[in-house]
Amino acid sequence: RAVDLTVAKLGRKAGRCRTLWTPLDGGDVPDFAALVRQVESRAGGALAPAGAERLAHNHGSDFDRIFQLAEGSPELLGEIGSSGVLRAEVIYAIRSEMAHRLADVVFRRTDLGTGGDPGEAALVECAGIVARECGWSAERTREELGEVRARFGHAPMGFRAPRRN
């Protein structure tokens with residue numbers, strides 16, 4: 001309806017909708033269980049079974065792009081905290097999914113924050129990866145972390161509650 005309204009406001013005629021038969025990137029998955037087995041095989045034991053299933057859910061048949069980023073850098077297949085999100089997924093979000101802010105990575109491009117607060121250590125690690133990829137200054141990194149912490153209800157770093165006498 002939004003597209004139809006936009007096209008009408010522009011005074012144009014919309015073509016026939018193709019989304020019914022146009023697969024999404026990574027959406028060519030006729031057998032999900034087989035896809036999970038492919039991810040497990042590609043991981044070569046580097047992922048827990050739940051991690052393989054999560055990658056299959058989030059990246060579909062494009063899962064191998066995550067492994068390609070980690071070639072030569074096996075530490076990128078490590079999880080950020082206990083979130084299940086791989087370091088390579090953060091890099092993928094920056095390079096391939098137009099994430100420009102820490103909040104983009106935490107809340108929209110990965111599962112890091114979708115299940116709730118992943119914890120301070122995970123946020124700091126993720127911010128470090130994003131900062132390196134984007135070439136952020138220390139000040140920009142602090143600002144980005146502050147915005148994400150605020151969404152989780154964290155007190156600003158360095159904040160101390162006043163003492164009660």
Side-chain angles (χ1 to χ4, degrees), residues 2-3 6 18-19 22-29 32 35-36 38-161:
V3 171
T6 302
R18 297 182 308 215
T19 59
T22 305
L24 296 172
D25 284 343
D28 184 22
V29 181
F32 185 75
L35 178 65
V36 172
Q38 284 180 315
V39 175
E40 289 172 335
S41 175
R42 178 66 163 96
L47 297 178
E53 187 169 329
R54 196 188 57 69
L55 272 182
H57 271 290
N58 291 344
H59 299 280
S61 60
D62 285 346
F63 74 88
D64 197 56
R65 293 178 181 179
I66 302 302
F67 290 101
Q68 289 170 3
L69 282 172
E71 287 176 0
S73 300
E75 70 279 1
L76 294 180
L77 291 180
E79 293 182 13
I80 295 176
S82 60
S83 68
V85 173
L86 305 180
R87 293 176 186 105
E89 289 181 276
V90 173
I91 293 171
Y92 182 79
I94 300 295
R95 294 182 185 176
S96 302
E97 295 181 339
M98 299 187 302
H100 298 288
R101 313 279 315 249
L102 182 60
D104 292 336
V105 173
V106 172
F107 298 113
R108 291 178 283 284
R109 303 303 195 289
T110 71
D111 287 340
L112 192 61
T114 56
D117 186 345
E120 182 66 14
L123 292 177
V124 168
E125 181 178 358
C126 183
I129 295 168
V130 177
R132 281 188 297 280
E133 275 297 303
C134 295
W136 290 348
S137 67
E139 179 61 29
R140 168 79 185 266
T141 305
R142 279 191 298 276
E143 290 171 5
E144 295 281 337
L145 264 170
E147 290 176 21
V148 170
R149 286 176 180 131
R151 292 205 32 204
F152 284 121
H154 290 209
M157 291 304 288
F159 172 81
R160 296 190 191 280

CG-NE2 distance between L35 and H57, expressed to the nearest 0.5 angstrom: 9.5 Å
Test: R151 and E147 ion pair at under 4.0 Å: no
Note, P49 side chain near E40 side chain (heavy atom, < 4.5 Å): yes
Heavy-atom donor-acceptor pair, D62 side chain to G26 backbone, under 3.5 Å: yes
Atom pair CD1 (I66) and CG (L55), whose distance is rounded to the nearest 0.5 Å: 6.5 Å
Closest non-hydrogen atom pair, A93 against R109: CB-CB, 3.6 Å
C126 vs L102 side-chain heavy atoms within contact, under 4.5 Å: yes
Geometric cation-pi criterion, R42 with F63: 6.0 Å, 45°: no
Heavy-atom closest pair, residues F152 and P118: CZ-CD, 3.6 Å
V85 vs E79 side-chain heavy atoms within contact, under 4.5 Å: no
Nearest non-hydrogen partners of G27 and S61, listed with the distance: N-OG, 4.1 Å
Salt bridge present between E120 and R149 (N-O < 4.0 angstrom): yes
Closest contact, heavy atoms only, A56 versus V39: CB-CG2, 4.2 Å
Aromatic ring pairing H59/Y92, orientation class (parallel under 30°, perpendicular over 60°, tilted between): perpendicular
Gap separating the CD1 atom of I80 from the CD atom of E125, nearest 0.5 angstrom: 5.0 Å
T110 (side chain) donor-acceptor with V105 (main chain) under 3.5 angstrom: yes
Check: A50 main-chain N/O paired with R54 side-chain donor or acceptor under 3.5 Å: no
Distance (rounded to the nearest 0.5 Å) between S96 OG and L69 CG: 6.5 Å
NZ/NE/NH1/NH2 to OD/OE distance under 4.0 Å, R108 and E97: no
Validation row: L112, E89 side chains within 4.5 angstrom (heavy atoms): no
R140 with E143: basic N within carboxylate O range, under 4.0 Å: no
Electrostatic pair E75-R87, nearest N-O below 4.0 angstrom: no
